[in-house]
Amino acid sequence: MMDAHDTNLPLNQGELEEEKKTVEVSEEITETPAEDFTTEVQPETTSKFPSKEEILKRLKELAQDADNANKQEIDNLKQSFYKLHNAEMETAKKQFIENGGTLEDFVPQEDSEENEFKRLMGAIKEKRSMQAAELERQKEENLQVKLSIIEELKELVESGDDANKSYTEFKKLQQQWNETKLVPQGKVNELWKNYQLYVEKFYDLLKLNNEFREYDFKKNLEIKTHLCEAAEKLANEEDVVSAFHQLQKLHQEFRDTGPVAKELRDEIWNRFKAASTAVNRRHQQHFESLKEAEQHNLDQKTVICEIVEAIEYDELKTFSAWENKTQEVIALQNKWKTIGFAPQKMNVKIFERFRHACDDFFKKKGDFFKSLKEGMNENLEKKKALCEKAEALKDSTDWKATADALTKLQKEWKTIGPVAKKYSDAIWKRFISACDYFFEQKNKATSSQRSVEIENMEKKKALIEKLSSIDENMEMDEASTLVRELMKEWNTIGHVPFKEKDKLYKQYHGLIDQLFDRFNISASNKKLSNFRSNINNIQENGPQSLYRERERLTRTYENMKNELQTYENNLGFLTSTSKKGSSLLTELNRKVDKLKADLELVLQKIKVIDESLKE
């Protein structure tokens, strides 16, 4: 009679049903894709290496134990290294172009760090390839071992010997089967079915008493209960991926453990299955959230690419326009750096798309400044020629003809574009000095206009009397019309004696200011009217004074236009989602409106000067 405590005693037919349940466990496992059992899936590392040297240092460490190296970490190191490497290349390329080189002539210098990086990556790849080959070799050996076990089981079943006597040998074969792990994936199901077939046939031959059977059932229940508890704890494991792979090992142990009492089989299996479902659900949700975040990153990066690709290059015709747009592109590049990885199959493609768009922008910018430089050189030669003509005329005493000739030269000067900043002041000073000298000499020779100036003075005094006599009870529209008519008349009156000029000017504008305030005439009209009144004073020094004033107003207009563009660009980056953001948005809009009004006023002033020059 066999000892009741001998755990290697054979079991009876009831255990066949439990072994079938273990088949169900096996089928439950194989629902997960095969690669999840053969290749460990690691979470994306959040480590960031600030320098290429630290990346190389970490790679050297991984190369020492390449068999256990994290593939995701290696991929992240590779992306980080080439992100830094490409940034260095872009900086070197930009410096090369700024120093006068062209994009086509740029040849990057050999990078010893990149060579070391490739060497380390090659070493790691070689070791991992050897590891994979060794794993495949081990799987083939395991396959042969398990085939031999099946053959031995077949012999036990077909030998006709007493199954009870063969039970010890049977248990040894079972243990050997459980200790032999991985086999080629394509052979797993067929191998397991053949093994299970002969196990079931062997159990069909067994006839154990209830005492032995109950003892085995009890021990198996303890093991499976412990496995259920371990699987349930995995639901609280912080590392979701690690929990998933630990579950696979628990599944293997559950499958390798023998049957329990028939009435407990469904209960213990359902408990283990429920715990497995919870872990599998968390694992699936984890990767779905990663996938969603990566898709969001791709969407953001796609929008940035579209912004750069949509730049209207035909509208970038000035230095300031290109500089403003350059700052926008740099801001987008900085924004790009704050966005995480896109999905792996798109990550490189979207980066190449963005880099191509940026390269295209900076290439076009380089071409523009190259052509601008060439055009400025041509403009400088044209202005030098005008200077020579003005200098040849400055000593002439043929006042009318020479004045007309210099006026024509000044008009021609306005049609010529800008020159390099380092030459602009000097060339302008040279030209205007020649013009000023002539008109100063002309003014000295034409001082006979004294009597006309006295007559003009009397006219302006009479006009001041008319302004003073305007009744404050007069209707606003009527008063406004009268004031403008008197101002227009003032503007038609010529010069007055120099000593009386300031006195009359102050009286006149003092009255105008009072009348504007009294009848609420707009500030812009007031400023424009004042400017019209001041034109005669500007003209006293000759037409060249008007040209200088027009040049000044033109520069003021360009500066204000650039400032307006900057404000409008800033408005595009702001939202009113917060109280502070709304306040800033309101302030910027106010400044934009004011700038637009000021721009219109400057244009009107330029128009007044042009009309005076025509007269």
Side-chain angles (χ1 to χ4, degrees), residues 17-46 68 70-73 75-76 132 135 139 142 177-178 180-193 195-196 220-260 264-297 340-345:
E17 296 179 7
E18 179 63 17
E19 289 294 339
K20 293 177 182 178
K21 185 64 68 178
T22 64
V23 173
E24 294 177 10
V25 175
S26 173
E27 292 172 350
E28 179 72 19
I29 295 173
T30 56
E31 291 175 2
T32 305
E35 57 268 20
D36 285 341
F37 295 96
T38 58
T39 302
E40 184 175 5
V41 179
Q42 295 294 339
E44 181 177 341
T45 178
T46 59
N68 297 315
N70 184 327
K71 184 178 183 300
Q72 185 63 47
E73 182 180 3
D75 290 342
N76 288 342
L135 182 61
K139 286 181 180 180
N142 293 343
W177 177 274
N178 293 335
T180 306
K181 299 298 181 183
L182 296 176
V183 297
Q185 187 66 29
K187 300 290 184 179
V188 171
N189 289 334
E190 179 183 359
L191 203 63
W192 176 255
K193 288 179 182 178
Y195 171 75
Q196 193 64 22
N220 292 339
L221 179 62
E222 290 177 359
I223 295 172
K224 291 190 173 183
T225 300
H226 173 71
L227 293 175
C228 288
E229 293 170 350
E232 289 164 351
K233 288 181 180 179
L234 291 178
N236 299 320
E237 172 69 43
E238 291 185 5
D239 190 339
V240 177
V241 177
S242 174
F244 176 78
H245 290 291
Q246 291 181 56
L247 178 66
Q248 309 314 308
K249 295 178 182 179
L250 296 180
H251 267 279
Q252 185 63 41
E253 292 182 44
F254 196 97
R255 181 171 61 181
D256 293 340
T257 303
V260 300
L264 298 174
R265 290 172 189 172
D266 289 340
E267 178 183 347
I268 196 68
W269 165 245
N270 289 334
R271 178 180 177 183
F272 185 72
K273 184 178 181 181
S276 300
T277 300
V279 175
N280 288 330
R281 185 180 297 113
R282 287 184 67 215
H283 181 259
Q284 181 179 2
Q285 291 172 348
H286 168 72
F287 282 98
E288 286 177 352
S289 64
L290 285 180
K291 184 177 179 181
E292 182 179 350
E294 289 178 345
Q295 182 60 44
H296 179 64
N297 293 339
F341 292 116
Q344 187 173 5
K345 65 179 181 179

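Residue numbers count from 1 along this sequence.
Residue Lys345 qualifies as open at atom NZ: its count of foreign heavy atoms under 6.0 Å is 12 or below.
Within the 4.5 Å cutoff, the side chain of His245 has heavy atoms near those of the Val241 side chain. When side chains are defined from C-beta on, Lys224 counts as touching Phe254, because their heavy atoms get closer than 4.5 Å. A heavy-atom distance below 4.5 Å is found between the side chains of Phe272 and Leu250. Side-chain atoms of Lys291 and Pro343, non-hydrogen and from C-beta on, never get closer than 4.5 Å to each other. Taking the side chain as every heavy atom from C-beta outward, His283 and Phe287 approach each other to under 4.5 Å.
Asn178 is linked by a side chain to side chain donor-acceptor pair (under 3.5 Å) to nothing, counting only residues two or more places apart in sequence or in another chain. By the side-chain contact (heavy atoms from CB on, under 4.5 Å) test, Lys193 pairs with no residue at all, sequence neighbours left out. Applying the salt bridge (charged side-chain N to carboxylate O under 4.0 Å, His left out) test to Glu253 and every residue at least two apart in sequence or in another chain returns nothing. With sequence neighbours left out, the salt bridge (charged side-chain N to carboxylate O under 4.0 Å, His left out) criterion links Arg271 to Glu232. Evaluation of the side chain to side chain donor-acceptor pair (under 3.5 Å) rule for Glu288 yields Gln284 as partners, not counting sequence neighbours. Checked against side chain to side chain donor-acceptor pair (under 3.5 Å), His296 has the following partners two or more places apart in sequence or in another chain: Gln300.
Not a single donor-acceptor pair under 3.5 Å links the side chain of Asn142 to the backbone N or O of Val183. Remark: the backbone N or O of Phe341 is paired with a side-chain donor or acceptor of Asn297 at under 3.5 angstrom. Judged by distance alone, the side chain of Ser242 and the main-chain N or O of Asp239 form no donor-acceptor pair under 3.5 Å.
Heavy atoms only, all atoms of each residue included: Arg282 and Asn236 are closest at NH1-N, 4.0 Å. For the residue pair His251 and Ser276, the shortest heavy atom distance occurs at NE2-OG, 3.1 Å. Nearest heavy-atom pair across Ala275 and Cys228 is CB-O, 4.4 Å. Shortest non-hydrogen contact noted between Asp256 and Lys181 is OD2-NZ, 4.3 Å.
The closest side-chain donor-acceptor pair between Glu229 and Thr225, if any, does not fall under 3.5 angstrom. With no hydrogens or angles considered, a side-chain donor-acceptor pair links Arg255 and Gln252 at under 3.5 Å.
How far CD1 of Ile268 is from CG of Asn220: 11.0 Å, rounded to the nearest 0.5 Å.
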